[in-house]
Amino acid sequence: MNNETHEIIKDIKSKFRLYMNGPVSQSMREKGVDYKINFGIEYPRIKEIAAEYEKNHDVAQELWKDNIRECKILAGLLQPVDTFYPEIAEIWIEGMHLPELAEYTVMNLFQYLPYASDVVFGWIADDREYFQVCGYLLMARLLMKGMKLNERAEAEFLDQAFTALENDGTNVRRAASAALRKFGIQSRDNRRTMSKQLGILGKSEKPEVRAWVEEIKNDIDF
């Protein structure tokens, strides 16, 4: 780490200590938000801190290496997209273990990557939990931005997402549900395409699956 990067990170961490929120940090720990250090700083304040700095690849990479909640969230805000190559994205996802971090990183960085639409299906199809979580959250963001799926891509997405809704853990189900909702909101044709499979899953023997289906239906207003 060069001196300039070191000084910027030192300055950032001094702000973290200034805005530390002990009760929020304790509450997060009790809910399983497990980091070496968690200052308990709320996201709007982290964004304010990020706005005081220029985007910087070296700073972002060093921040990500720290097992500190606020450092990892800030890394996604300060990382320039033009130097964030696919192999780096994979390293970041491999280091994720909490849905909050996946959500913020997709929102602040992944959705703006020039290759986002190229990697999204590979992430969704990956066996690793947080690749799937990031894949579905990224798909939701791309659909919100108006991305249209061709017939083949649409079939692949729906097959993967409905399978996840029925079989996977809570984090993947939540992300897949978000992507399905954004797909359904896009058009009447999309809702019509989804309706049959939602009807089948709505009769599932698993109450949690039926609950996810109802949530999707209510959100889309079938």
Side-chain angles (χ1 to χ4, degrees), residues 1-116 119-120 123 128-138 140-142 144-145 170-171 174-175 178:
M1 187 191 315
N2 61 42
N3 287 337
E4 181 182 1
T5 300
H6 175 76
E7 289 302 316
I8 293 172
I9 291 175
K10 182 179 176 181
D11 190 55
I12 287 170
K13 289 182 177 179
S14 72
K15 291 183 172 66
F16 288 163
R17 287 188 286 273
L18 179 65
Y19 294 118
M20 180 176 181
N21 189 323
V24 172
S25 176
Q26 178 63 30
S27 175
M28 287 183 178
R29 281 195 296 272
E30 291 171 355
K31 293 173 182 175
V33 178
D34 181 28
Y35 289 97
K36 181 181 72 175
I37 297 174
N38 180 354
F39 290 100
I41 303 173
E42 296 181 351
Y43 178 67
R45 178 71 72 182
I46 297 174
K47 281 193 71 176
E48 289 178 9
I49 294 172
E52 299 177 24
Y53 301 91
E54 298 288 335
K55 288 186 180 292
N56 185 308
H57 177 84
D58 292 336
V59 170
Q61 293 301 311
E62 291 297 329
L63 286 170
W64 185 265
K65 292 175 185 177
D66 269 333
N67 189 19
I68 298 172
R69 172 180 172 269
E70 289 74 13
C71 283
K72 286 187 176 292
I73 294 173
L74 195 67
L77 288 160
L78 294 184
Q79 173 64 50
V81 297
D82 59 337
T83 55
F84 195 74
Y85 306 118
E87 54 269 26
I88 304 177
E90 292 188 5
I91 291 170
W92 280 33
I93 297 173
E94 287 171 354
M96 291 181 183
H97 64 284
L98 291 166
E100 176 198 48
L101 183 58
E103 290 166 9
Y104 285 137
T105 308
V106 170
M107 177 174 67
N108 295 324
L109 177 59
F110 288 177
Q111 68 165 319
Y112 302 112
L113 297 172
Y115 54 83
V119 298
V120 65
W123 291 359
R128 291 166 288 183
E129 178 183 11
Y130 275 88
F131 276 84
Q132 292 180 58
V133 169
C134 288
Y136 285 118
L137 292 175
L138 179 57
R141 290 280 170 181
L142 294 176
M144 286 171 62
K145 293 165 75 171
T170 300
N171 292 331
R174 182 179 292 112

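Computed from a predicted model, the values in this text were never measured in an experiment.
With a 6.0 Å radius and a threshold of 12 heavy atoms from other residues, nucleotides or ligands, Glu54 has its CD atom at or below the threshold. Other residues, nucleotides and ligands contribute at most 12 non-hydrogen atoms within 6.0 Å of the NZ atom of Lys47. Within 6.0 Å of CG in Asn2 there are more than 12 heavy atoms belonging to other residues, nucleotides or ligands.
Atom NZ of residue Lys13 and atom CG of residue Leu74 lie 11.0 Å apart, to the nearest 0.5 angstrom. Expressed to the nearest 0.5 Å, how far CD of Glu103 lies from CE of Met96 amounts to 10.5 Å. Here CG of Leu113 is found 12.0 Å from OH of Tyr85. Values are rounded to the nearest 0.5 Å. We find the CD-CD1 distance between Glu62 and Ile12 to be 11.0 Å, quoted to the nearest 0.5 Å. The structure places CH2 of Trp64 at 12.0 Å from CD1 of Ile88, a figure rounded to the nearest 0.5 Å. With values rounded to the nearest 0.5 angstrom, Lys36 atom NZ is found 8.5 Å from Cys71 atom SG.
Nearest heavy atom pair, residue Ala89 against residue Tyr115, reads CB-OH, 3.9 Å. Smallest separation of non-hydrogen atoms from Ala116 and Phe110: CB-O, 3.6 Å. Heavy-atom minimum distance, Cys134 versus Ala102: SG-CB, 4.0 Å.
Using a 4.5 Å heavy-atom threshold, the side chains of Leu78 and Tyr53 count as touching. Between Asn56 and Gln79 the shortest side-chain heavy-atom distance does not fall below 4.5 Å. At least one side-chain heavy atom of Tyr43 sits under 4.5 Å from a side-chain heavy atom of Met107. Lys72 is listed as a side-chain neighbour of Asn67, based on a closest heavy-atom distance under 4.5 Å. Considering only heavy atoms from C-beta on, Leu137 stays 4.5 Å or farther from Arg141 through its side chain. The side-chain heavy atoms of Lys55 and Val81, taken from C-beta on, include no pair separated by under 4.5 Å. A 4.5 Å side-chain heavy-atom check between Ile46 and Arg69 finds at least one atom pair inside the cut-off. The shortest distance between side-chain heavy atoms of Gln111 and Leu138 falls below 4.5 Å.
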**Request:** Give the intermediate values and the outcome of ring-ring contact (aromatic ring centres under 6.0 Å, His included) for residues Phe84 and Trp92.
**Result:** CA-CA 10 Å; Phe84 195 74; Trp92 280 33; 4.8 Å; yes
**Request:** Under the side chain to side chain contact (heavy atoms under 4.5 Å, CB included) rule, what do Asp11 and Lys15 come out as? Steps first, then yes or no, please.
**Result:** CA-CA 7 Å; Asp11 190 55; Lys15 291 183 172 66; 2.7 Å; yes
**Request:** Would you check, one step at a time, whether the test side chain to side chain contact (heavy atoms under 4.5 Å, CB included) holds for Leu101 with Tyr35?
**Result:** CA-CA 11 Å; Leu101 183 58; Tyr35 289 97; 3.8 Å; yes
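Each of Glu129, Gln132, His97 was scored for a side chain to side chain donor-acceptor pair (under 3.5 Å) with Asn171, with one residue passing: Glu129.
The aromatic rings of Phe131 and Trp123 stand perpendicular to each other, their planes meeting at an angle above 60°, with 30° marking the opposite boundary.
Remark: Arg45 engages Tyr19, Ile41, Glu48, Ile49 in a side-chain contact (heavy atoms from CB on, under 4.5 Å) (not counting sequence neighbours). Partners of His57 under the ring-ring contact (aromatic ring centres under 6.0 Å, His included) rule, at least two apart in sequence or in another chain, do not exist in this structure.
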